[in-house]
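Report on the structure given below.
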Amino acid sequence: MKKILFVTSEAHPLIKTGGLADVSGSLPKALIEMGVDVRLIMPNYQAIKTIGEIYYKSTVRVNNINAHILETRLPGTKVPVWLVDCPELFGYPGNPYVDEQGKPWVNNAERFAFFCRITVEVAMNRGYLEWTPDIIHCNDWQTGLVPALLSLEKHPRPATIFTIHNMAYQGLFSKETRVLLNLPSRLWSPNGIEFNGMLSFIKGGLAYADRITTVSPTYANEIQTADFGYGVEGLLSYRQKYLTGIVNGIDTDHWNPQADTNISACYDASTLHKKKLNKTALQIKYNLPVDNKTPIFVLISRLVEQKGIDILLECLPEMLTLPLQFLLLGKGDKLLEQKLSQFAKIHSEKMVINLGYDEAIAHQFEAGADIFLMPSRFEPCGLNQLYSQRYGTVPIVTRTGGLADTVVDTLPETIKNKTATGFVFKAPTTGSLMEAIKRALIVYEDSKNWKQLQINGMKKDYSWNRSAEEYLALYEQL
Ligand code: ADP
């Protein structure tokens with residue numbers, strides 16, 4: 001069995017800003033349960049929440065800066081985690097990527113280039129950790145320089161996989177940054193880490209990794225087109241043979257309506273009637289009229305353009321005339337936050353907005369809601385539509401990326417053959433979204449069909465079992 005070093009900039013429950021953390025927390029866990037020797041390496045941010053013991057392993061030095069490698073476990077798992085400890089670069093409070101104002105930390109290039117270099121030292125056994133990987137599995141731009149730098153190392157060296165969780169974040173920096181970071185000039189070409197005269201971290205992964213994966217088959221096709229490829233669609237088409245899409249699994253222990261300690265009443269497909277206790281709890285908590293018949297719509301998201309929040313905003317005047325209640329949990333763009341808050345203030349009997357990041361509330365929303373809104377412009381995989389299906393909360397999603405791959409639209413034939421799990425609309429426009437909302441409300445009126453939709457979703461297997469097998473097959477190929 002191959003030895004895998006999983007390289008990531010966030011992992012749940014140590015630190016999380018989005019779906020990457022969910023995957024980094026749950027895929028290694030699934031792999032280790034399948035008997036794979038996997039370890040995780042990530043920066044030791046100040047905000048990391050470790051529990052349990054932490055050991056000092058060694059000190060590695062690059063560019064005259066020391067990093068201490070500390071070992072701990074991913075909480076609740078057997079996965080060893082190596083924390084790259086360098087307070088000078090990672091010892092800031094809060095978010096790993098941005099400051100309080102949402103602006104990227106000014107030295108992000110230096111921070112993640114350092115992280116990549118340390119990872120290469122560890123991978124080449126120059127960190128004296130008595131464990132050398134066969135494969136380095138990198139994730140997103142923060143790890144992009146690892147395949148590039150490793151490509152300059154002599155054999156034997158580990159093979160590399162680069163997984164794209166979101167093409168929209170590329171780690172682009174000025175060309176002077178390359179000199180500042182002392183990156184080898186051999187990597188600096190349009191076929192390497194240069195992108196239109198800038199330094200691109202993500203291209204380090206796309207150009208040099210032995211295999212590229214992304215988090216759904218539809219997104220793997222989309223990113224080879226100009227609409228979704230952010231200018232690197234050509235490179236991705238060129239490397240098509242090495243590019244595959246593997247849908248993310250979810251942590252079915254953590255997202256389990258049968259044993260969720262965050263919610264008022266646990267339930268499963270056979271005790272679905274108990275779900276309404278969670279609905280009532282939400283209505284009481286948020287001062288909404290307590291009424292089981294009125295459907296609760298929820299949205300949990302980073303509030304950014306990608307997620308179609310502006311499209312939703314345009315729908316709100318009409319949406320809020322319909323018989324529904326709407327709860328939103330999110331954080332992000334200040335202007336979007338402001339506009340949403342204004343709506344919630346005017347329509348407080350129907351809409352409540354919670355501007356924050358709260359894991360427990362996310363679980364309560366999933367358990368208590370009837371419908372989950374996800375009008376994303378693009379969505380590499382998306383996790384909330386998976387959590388929603390598992391919680392019997394019917395998702396309304398755009399037909400894009402992983403949403404297209406994991407939600408089956410409700411049509412006469414899919415109702416009949418019991419495959420329907422949600423409502424899928426064609427294009428990220430207000431017209432399409434409104435139409436889907438109205439379609440959902442019509443089906444909601446028919447309690448028998450609605451229950452069937454819920455059960456269809458709840459019965460689907462979104463655990464890591466299948467997807468981890470796909471990664472395993474890929475590891476074995478290398
Ligand atoms: P992305 O990675 O693009 O943000 P995903 O759907 O893949 O989107 O994953 C988002 C993850 O972050 C989910 O686990 C979701 O529940 C969580 N999340 C997003 N915003 C919030 C929030 N405000 N509070 C709690 N959890 C959130």
Side-chain angles (χ1 to χ4, degrees), residues 8-27 95-98 102 139-142 163-169 214-216 218-219 223 228 245-257 260 262-263 298-309 312 327-334 336-337 340-341 352-369 372-391 393 395-398 400-407 422 428 462 464 467:
T8 184
S9 57
E10 53 180 287
H12 179 78
L14 294 172
I15 191 153
K16 166 169 165 175
T17 73
L20 170 62
D22 289 324
V23 175
S24 305
S26 53
L27 173 58
N95 188 293
Y97 319 119
V98 295
N139 296 277
D140 273 354
W141 74 262
Q142 293 84 355
T163 298
I164 305 162
H165 297 263
N166 196 334
M167 274 304 293
Y169 303 98
T214 187
V215 288
S216 70
T218 296
Y219 196 60
I223 56 178
F228 297 89
I246 301 176
V247 171
N248 287 334
I250 60 174
D251 184 333
T252 47
D253 296 330
H254 186 58
W255 291 95
N256 180 10
D260 189 331
N262 297 297
I263 66 179
V298 293
L299 183 145
I300 304 168
S301 180
R302 292 183 293 122
L303 301 178
V304 293
E305 207 192 76
Q306 175 199 339
K307 304 291 181 181
I309 307 300
L312 174 77
L327 293 172
L328 186 149
L329 170 65
K331 205 174 161 189
D333 186 294
K334 294 289 167 244
L336 291 174
E337 287 187 356
L340 288 163
S341 301
V352 175
I353 164 164
N354 192 327
L355 290 178
Y357 189 96
D358 193 308
E359 195 74 23
I361 296 177
H363 285 248
Q364 289 153 15
F365 274 23
E366 288 288 9
F372 195 98
L373 286 177
M374 232 168 150
S376 307
R377 286 203 160 73
F378 67 92
E379 197 61 75
C381 177
L383 292 169
N384 275 311
Q385 83 281 13
L386 305 178
Y387 301 149
S388 297
Q389 288 175 62
R390 193 157 159 77
Y391 279 70
T393 300
I396 296 183
V397 303
T398 325
T400 186
L403 301 177
D405 292 336
T406 57
V407 181
Y462 289 116
W464 268 105
S467 305

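Both backbone and side-chain heavy atoms feed into the values below; hydrogens, waters and symmetry mates do not. One-based numbering, in listed order, for ligands and for the atoms of each.
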* Show the numbers, then the answer: is there a side-chain contact (heavy atoms from CB on, under 4.5 Å) between Trp141 and Asn166? => CA-CA 9 Å; Trp141 74 262; Asn166 196 334; over 6 Å; no
Quick one: does [X] get a heavy atom under 4.0 Å from ligand 1?
X: Lys16; value: yes
X: Ala21; value: no
X: His12; value: no

Looking only at the side chains, is there a donor atom on one of Ser388 and Glu366 sitting less than 3.5 Å from an acceptor on the other?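 The answer is yes; a qualifying pair exists.
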Looking at [atom], what's its closest protein heavy atom, distance included?
atom: atom 6 (O) of ligand 1; answer: Leu383 N, 3.0 Å
atom: atom 16 (O) of ligand 1; answer: Asn384 OD1, 3.1 Å
atom: atom 24 (N) of ligand 1; answer: Asp358 N, 3.1 Å
atom: atom 10 (C) of ligand 1; answer: Gly19 N, 3.8 Å
atom: atom 21 (C) of ligand 1; answer: Tyr357 CE1, 3.4 Å

Can you sort out which atoms of ligand 1 are near [X], meaning under 4.0 Å from one of its heavy atoms?
X: Gly330; value: 23 (N)
X: Arg302; value: 1 (P), 3 (O), 4 (O), 20 (N)
X: Ser301; value: 20 (N)
X: Asp22; value: 11 (C), 13 (C), 14 (O)

Shortest heavy-atom approach to atom 23 (N) of ligand 1 - which of Gly356, Cys381, Gly332: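 Closest candidate by heavy-atom distance is Gly356.
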Return the option from Glu379, Gln306, Lys307 holding the heavy atom at the smallest distance from atom 3 (O) of ligand 1.
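Heavy atom nearest to atom 3 (O) of ligand 1 belongs to Lys307.
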Practice task
Write down the atom of Ile309, the atom of Ser301, and the distance for their closest heavy-atom approach.
Solution key: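 In terms of heavy atoms, the two residues are closest at CD1-OG, 4.4 Å.
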